[in-house]
Amino acid sequence: MNSDSDLQIAGDILEVPHLLQAPREHPATVADFVGLARTIAADRSQWAHLVQYDATSRWYHRLRTGPGYEVWLLSWVPGQGSGLHDHGGSSGVLTVLDGQLTERTDRGTRALRAGSQRVFAPGYVHEVVNDSLEPAVSLHIYYPGLTEMPMHAARCSPSVAVTG
């Protein structure tokens with residue numbers, strides 16, 4: 001049996017700086033954007049004091065920008081919805097921060113509770129609605145930054161539940 005440890009074989013990784021990757025200053029992958037959304041969600045001090053509720057229209061606030069991306073904070077009072085839309089050429093991460101939202105697509109309906117995340121590619125068509133009796137707050141990251149949000153006339157079927 002060989003008694004050499006991994007450290008003896010490979011050497012101390014801290015002594016081999018060329019093997020270490022420099023931390024990224026900005027997100028560059030889907031996982032990075034999901035991680036950014038989770039980090040912001042976990043730190044209520046970054047967003048809770050900014051939230052406002054508007055009974056006449058959905059409230060939104062651009063929380064931050066980075067190279068090619070935007071982070072938006074949205075509030076939803078009961079009954080408010082986005083309408084059926086896509087995000088043009090932007091990909092995105094939607095994270096529910098407080099409350100519950102419902103996402104409707106041509107594949108069915110999904111309940112999104114606080115902590116739920118959805119990742120979508122350009123052209124993904126959905127409708128987001130607050131069907132609950134309590135207000136909700138969500139965080140949206142778009143890459144590249146959102147420049148269009150085409151609306152769609154057809155309605156999604158709310159009768160098919162999607163799990164997962």
Side-chain angles (χ1 to χ4, degrees), residues 20-54 57-77 79-132 135-164:
L20 298 175
Q21 291 186 3
R24 292 186 179 127
E25 185 177 349
H26 297 287
T29 66
V30 172
D32 290 343
F33 284 108
V34 167
L36 174 61
R38 287 183 182 157
T39 299
I40 295 169
D43 186 358
R44 293 181 70 86
S45 69
Q46 289 190 52
W47 56 267
H49 66 284
L50 298 169
V51 175
Q52 299 177 27
Y53 297 100
D54 186 337
S57 67
R58 282 184 306 133
W59 173 89
Y60 51 90
H61 172 78
R62 188 165 56 190
L63 194 57
R64 75 167 70 159
T65 61
Y69 71 91
E70 299 176 322
V71 180
W72 290 87
L73 185 65
L74 282 75
S75 71
W76 312 73
V77 298
Q80 285 181 334
S82 65
L84 190 61
H85 67 282
D86 68 61
H87 303 93
S90 298
S91 295
V93 178
L94 179 158
T95 305
V96 179
L97 302 176
D98 273 334
Q100 179 175 314
L101 296 171
T102 301
E103 180 189 39
R104 296 184 182 117
T105 69
D106 61 354
R107 297 181 63 196
T109 300
R110 181 183 312 261
L112 303 174
R113 293 171 180 78
S116 296
Q117 290 189 292
R118 299 288 294 140
V119 176
F120 52 87
Y124 179 73
V125 178
H126 69 159
E127 178 179 29
V128 179
V129 179
N130 182 351
D131 285 332
S132 76
V137 179
S138 58
L139 183 81
H140 304 249
I141 300 177
Y142 300 107
Y143 179 84
L146 194 62
T147 58
E148 61 179 322
M149 195 172 111
M151 301 304 290
H152 297 260
R155 300 282 308 166
C156 292
S157 170
S159 59
V160 179
V162 177
T163 58

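One is the number of the first residue; the rest follow in order along the sequence.
- Between W47 and A41, the closest heavy-atom pair is NE1-O, 3.6 Å.
- Using a 4.5 Å cut-off on side-chain heavy atoms (C-beta onward), L36 and H26 make no contact.
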Please assess L74 against V137 for the test side chain to side chain contact (heavy atoms under 4.5 Å, CB included), listing each intermediate value before the final yes or no. CA-CA 6 Å; L74 282 75; V137 179; over 6 Å; no
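- To the nearest 0.5 Å, atom CD of residue Q46 and atom CG of residue L97 are 10.5 Å apart.
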Worked check of side chain to side chain contact (heavy atoms under 4.5 Å, CB included) between D106 and V125: CA-CA 8 Å; D106 61 354; V125 178; over 6 Å; no
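- Put simply, CD on E70 and OG1 on T65 are 7.5 Å apart, with the number rounded to the nearest 0.5 Å.
- For the pair V129/R104, a side-chain contact is recorded, criterion being any heavy-atom separation below 4.5 Å from C-beta on.
- Between P122 and S91, the closest heavy-atom pair is CD-OG, 3.1 Å.
- For the pair T95 (side chain) and A37 (backbone), a donor-acceptor distance under 3.5 Å is absent.
- Counting heavy atoms from C-beta outward, V77 and N130 have side chains that stay 4.5 Å or more apart.
- Not less than 6.0 angstrom separates the ring centroid of H85 from the ring centroid of H152.
- Side-chain contact between H140 and V71: absent, with no pair of heavy atoms (C-beta onward) separated by less than 4.5 Å.
- You'll find the side chain of S82 reaches within 4.5 Å of the side chain of R58, heavy atoms only.
- Ring geometry for Y124 versus F120: interplanar angle under 30°, hence parallel rather than tilted (30 to 60°).
- Residues L112 and R110 meet the side-chain proximity criterion, which asks for heavy atoms closer than 4.5 Å.
- Under the 3.5 Å distance criterion, the side-chain polar atoms of W72 are left unmatched by any main-chain donor or acceptor of I141.
- When the shell of 6.0 Å around OH of Y60 is examined, it contains 12 or fewer heavy atoms from other residues, nucleotides or ligands.
- Distance alone, capped at 3.5 Å, places no donor-acceptor pair between the E103 side chain and the E127 backbone.
- Salt-bridge check for R44 with D98: passed, with a basic side-chain N closer than 4.0 Å to an acidic carboxylate O.
- When all heavy atoms of P144 and S90 are compared, the pair lying nearest together is O-OG, 2.7 Å.
- A donor-acceptor pair is defined here as one N or O able to donate and one able to accept, closer than 3.5 Å; such a pair exists between the side chain of Q80 and the backbone of D54.
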Please evaluate residues L139 and R38 with respect to the criterion side chain to side chain contact (heavy atoms under 4.5 Å, CB included), reporting the C-alpha separation (whole Å), side-chain torsions for both, the decisive distance (0.1 Å), and the verdict. CA-CA 10 Å; L139 183 81; R38 287 183 182 157; over 6 Å; no
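- Closest approach of G68 and Y143 over heavy atoms only: O-CD1, 3.3 Å.
- How far CG of L146 is from CZ of R62: 10.5 Å, rounded to the nearest 0.5 Å.
- Proximity of the aromatic rings of Y69 and F33 is defined here by a centroid distance below 6.0 angstrom, and this criterion is met.
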Evaluate the criterion side chain to side chain contact (heavy atoms under 4.5 Å, CB included) for residue pair L101 and W76; output intermediate values, then yes/no. CA-CA 8 Å; L101 296 171; W76 312 73; 3.6 Å; yes
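- A heavy-atom distance below 4.5 Å is found between the side chains of T109 and T102.
- Side-chain atoms of Q117 and V93, non-hydrogen and from C-beta on, do get closer than 4.5 Å to each other.
- Between V51 and S75 the shortest heavy-atom distance is CG1-CB, 4.1 Å.
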